[in-house]
Asks: 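I have a structure I would like to understand better, so I am pasting it below and will then ask my questions one at a time.
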Amino acid sequence: MRPSVLDPLFAPATALSGVGPKLAKALNKLLGDETHAARVIDLMFHLPTGAIDRRPSESIAEAPIGEVATFSAQVTEHRPAPPTKAKAPYRVIVEDETGDVTLVFFHADVRHLLQTLPIGAYRIISGKLELWDGMRQMVHPDRILDPKLAATLPSVEPVYGLTEGIGGRVMARIAAGAAERCPELPEWQDPGFLTRHDFVPFRNAIHALHHPVDLKAATGETVARRRIAYDELLASQIALALVRRQQKAAGRATAGDGALRHAIETALPFTLTDGQRKAIADIHDDMEKPERMLRLLQGDVGSGKTVVALMAMAAAAEARRQSVLMAPTEILARQHAERLAPLADKAGLKLALLTGREKGAGRRQVLEGLANGEIDIVVGTHALFQEGVAFHDLALAVVDEQHRFGVHQRLLLGAKGEAVDILVMTATPIPRTLALTWFGDMDVSILSEKPAGRKPITTRAISLERYDEVVGAVGRALDAGAQVYWVCPLVQESDTLDVAAAQERFEALQAIFGDKVGLLHGQRPGRDKDAAMATFSGGQTRVLVSTTVIEVGVDVPNASVMVIEHAERFGLAQLHQLRGRIGRGSAASTCLLLYKGPLGQVAEARLTIMRESEDGFRIAEEDLRLRGEGEVLGTRQSGSPDWRIARPEIDGDLLAAACDDARLLIERDPQLETPRGQAIRTLLYLFERDVAIRLLRAG
Ligand code: ADP
Ligand code: MG
């Protein structure tokens, strides 16, 4: 049950004075979602994005031009629009001994103006001051006040994100009202901790954020904001720690004799890197423990994650248990199955492929083999798990190339088999802060080195205007025996978007290079996709024109040239992932980033980083810096932490602290029963960490 102290915050926004049905509707648009209308808490967390300085100037002469100015002056003249020009504005002149200002009103309510600005009266005026023909003027002042009411004008006025139907003043009033309803909350952290960080109580911090005392307080890094951000990060880390504990508890030991692993290792055409050996050892240690394995394998493109997965699956087979390997696309699932089959064969492992395309008798056979335990390893897409496939004895689920496999999905997966061990493999490295926020419940293995013998890739950015030269270079590369990926952003030519279509490029290149050119995109039938992939992989086609379907995982070592058309439209992680398709063989590789100028700042920065670096860990950090968390991982995925205040990518130090603190707090009070534990429950409700709340209810 939600602690009743939070009730005032979870009341609908209409509980605030001055919020009627009309305003509520606008608020819902801004702050509500599918599950609920705007609530008091949404307004409380709707913090100012900036502030307006309304501190008065000494005189009109000293009032700043081009910004919001506040001054006091006497009304000296009303100048109605001439009757011949009905649309001209109504003007009011105000002045002091240093100068005058023309106040300009369009569609004026004259009676109202005569009342608020009577001739001879002194007024405090505030609004944006401009120069027009050398004269000071102010169009529609924000504030016109009787000097007697000067005290009611805050010197710094918070600015809020708005939507149609809600003005700045109204928003400021109701947001402040919401902050007012924030109750005194019990502290979830030690008094010593709070003192060390100068943290004021939660309620005071919220109040301070809605009532900034100066411009810096409204926008900058204040202690109040840090406090709230820390609390939010702490809530998410505690939630992950609770998930971890619940998940771990469900495990069982899977221990093999090493025979299959040994057989596979001897069959490999290469020796494992130290990083691979270490990751394999980490995984086996986990599997042998009676706890469930929750491990994230981070490695750059081409670092050799697949074989690590295979060794893990072999270990499960040694214990006569089954494994599933899930890929994000069908192409990749197929490729995995093809690659792994010979190795599995040599070790006497039975491996099957199951995607939406396996139908009829073949499909039935696989399903039977899984149910009776004949099949050791099944490779498929992520959909595999949604389809109610029955296993004889599933021990291990490997999720390949999946950044967005959030807590919710992992919980679902964990609930499927009997305490299956879980290994998630990322497509490219993800920055530490994101690893903590997304996978904070998991242990991490990192493959930091690439297999020996990889040659660096030469990356160049070239304007699309030099298309003909690029085609010439591709021709020379083909003559030299290379294979080429040519990546286009969209499938069909669109009139509104100036995007090179894969279909069109395919035809253009085919006109030059003939049947050496193949085409691969997501809208082709599955069989055609297979054929396109197979002929390229087998070397019959030498140029593969494709959309980003080849982005993840595809592995054709002889391909050493990649052309990416409209590279400026791709994200950094995507470019890196695409480029990772080349540089896999013995030949030197080249990546040509074709862009259409003029380039925006961010696009230019991306292309520069791509030219400078091949290090996926560095690129991931830069990507985060350029884009922010939401976009790196796909925005607002279910199960994603949905940040109200904290910006994990920026608040890295706070996040690291919150992570350590969360584990400590949970360790000290596993059932959250002490007064501090009760306060932590309040914190979880406050930031709506639903997963954790459900676990607490169940436990
Ligand atoms: P990713 O980590 O991107 O999934 P893959 O598992 O697809 O990488 O491996 C990329 C390529 O490197 C494959 O062709 C694989 O056979 C090869 N490979 C993996 N490990 C090694 C190694 N230790 N030495 C040499 N080649 C390796
Ligand atoms: Mg891979």
Side-chain angles (χ1 to χ4, degrees), residues 261 264-281 283 295-314 324-344 346 377 379-382 398-405 423-430 444-457 483 485 533 536-539 548-560 562 573-587 589 614-617 619-620:
R261 279 168 277 171
I264 288 173
E265 204 180 329
T266 21
L268 287 175
F270 47 74
T271 50
L272 295 168
T273 64
D274 289 346
Q276 285 171 322
R277 272 179 217 290
K278 170 80 170 62
I280 290 167
I283 291 166
R295 189 164 286 277
L296 175 71
L297 179 58
Q298 283 231 56
D300 207 348
V301 260
S303 59
K305 293 181 287 283
T306 318
V307 66
V308 174
L310 180 63
M311 294 294 265
M313 297 192 290
V324 46
L325 172 59
M326 289 182 284
T329 66
E330 211 169 287
I331 290 181
L332 200 52
R334 242 156 249 287
Q335 178 188 284
H336 273 325
E338 276 161 29
R339 286 290 144 85
L340 296 177
L343 287 169
K346 283 202 182 116
I377 297 173
V379 181
T381 58
H382 296 315
V398 183
V399 182
D400 189 24
E401 312 274 11
Q402 186 52 296
H403 272 4
R404 299 181 195 168
F405 206 70
L423 177 64
V424 175
M425 309 200 287
T426 60
T428 53
I430 55 175
V444 181
S445 294
I446 294 183
L447 298 182
S448 49
E449 55 188 333
K450 294 215 172 156
R454 292 278 161 80
K455 298 234 171 72
I457 300 171
Q483 282 181 279
Y485 290 109
M533 207 52 235
F536 186 67
S537 181
T548 51
V549 288
I550 60 149
E551 181 184 342
V552 281
V554 169
D555 185 30
V556 179
N558 190 49
S560 59
M562 171 164 285
Q574 211 177 7
L575 288 173
H576 178 62
Q577 182 60 241
L578 282 166
R579 183 173 60 180
R581 303 303 110 217
I582 57 173
R584 294 176 162 239
S586 48
S589 295
E614 261 192 76
D615 176 356
F617 287 87
I619 288 175

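Count residues from 1 along the sequence. One-based numbering, in listed order, for ligands and for the atoms of each.
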Asks: So, do Ile619 and Arg579 sit near enough that their side-chain heavy atoms are less than 4.5 Å apart?
Replies: yes
Asks: Can you find a pair of side-chain heavy atoms, one from Val398 and one from Met313, that are under 4.5 Å apart?
Replies: yes
Asks: What atoms of ligand 1 come closer than 4.0 angstrom to any heavy atom of Asp300?
Replies: 2 (O)
Asks: Counting each atom of ligand 1 from 1 as listed, which ones have a heavy atom of Val301 under 4.0 Å away?
Replies: 3 (O)
Asks: Please classify the Thr271 to ligand 1 contact at 4.0 Å (heavy-atom distances, strictly less than): side chain, backbone, both or neither.
Replies: backbone
Asks: Should the proximity of His336 to ligand 1, defined as any heavy atom under 4.0 Å, be assigned to the side chain, the backbone, both, or neither?
Replies: neither
Asks: Using a strict cut-off of less than 4.0 Å between a Lys/Arg side-chain nitrogen and an Asp/Glu carboxylate oxygen, indicate whether Arg334 and Glu330 qualify as a salt bridge.
Replies: yes
Asks: Counting heavy atoms only, name the option from Gln577, Glu449, Lys450, Arg454 that's nearest to atom 11 (C) of ligand 1.
Replies: Arg454
Asks: I'd like to know if Arg584 and Asp555 make a salt bridge, using a cut-off of under 4.0 Å between side-chain N and carboxylate O.
Replies: yes
Asks: For atom 1 (P) of ligand 1, which candidate among Gly275, Gly616, Pro557, Gly302 provides the closest heavy atom?
Replies: Gly302
Asks: Going by heavy atoms in the side chains, are Leu310 and Leu343 under 4.5 Å from each other?
Replies: yes
Asks: For ligand 1, which part of Thr306 has a heavy atom less than 4.0 Å away: the side chain, the backbone, both, or neither?
Replies: both
Asks: Answer yes when Lys278 and Glu449 have at least one side-chain N-carboxylate O distance shorter than 4.0 Å, and no when they do not.
Replies: no
Asks: Answer with side chain, backbone, both or neither: which part of Leu447 has a heavy atom less than 4.0 angstrom from an atom of ligand 1?
Replies: neither
Asks: Any side-chain heavy-atom pair from Tyr485 and Leu578 closer than 4.5 angstrom?
Replies: no
Asks: Heavy-atom contacts with Thr273 under 4.0 Å: which atoms of ligand 1 show up? List them by number with element.
Replies: 23 (N)
Asks: Regarding ligand 1, does Phe270 bring an N or O atom to under 3.5 Å of one of the ligand's N or O atoms?
Replies: no
Asks: Nearest 0.5 Å please: distance from the CG atom of Leu332 over to the OG1 atom of Thr306.
Replies: 8.0 Å
Asks: Using a heavy-atom cut-off of under 4.0 Å, does the side chain or the backbone of Gln276 touch ligand 1, or both, or neither?
Replies: side chain
Asks: Taking Lys305 for its side chain and Gly299 for its backbone only, find out whether a donor-acceptor pair lies under 3.5 Å.
Replies: yes
Asks: Run the numbers for me: atoms of ligand 1, each under 4.0 Å from some heavy atom of Gly304, listed by number.
Replies: 1 (P), 2 (O), 5 (P), 6 (O), 8 (O), 9 (O), 19 (C)
Asks: Using heavy atoms and a threshold below 4.0 Å, how should the contact between Arg584 and ligand 1 be classified: side chain, backbone, both, or neither?
Replies: side chain
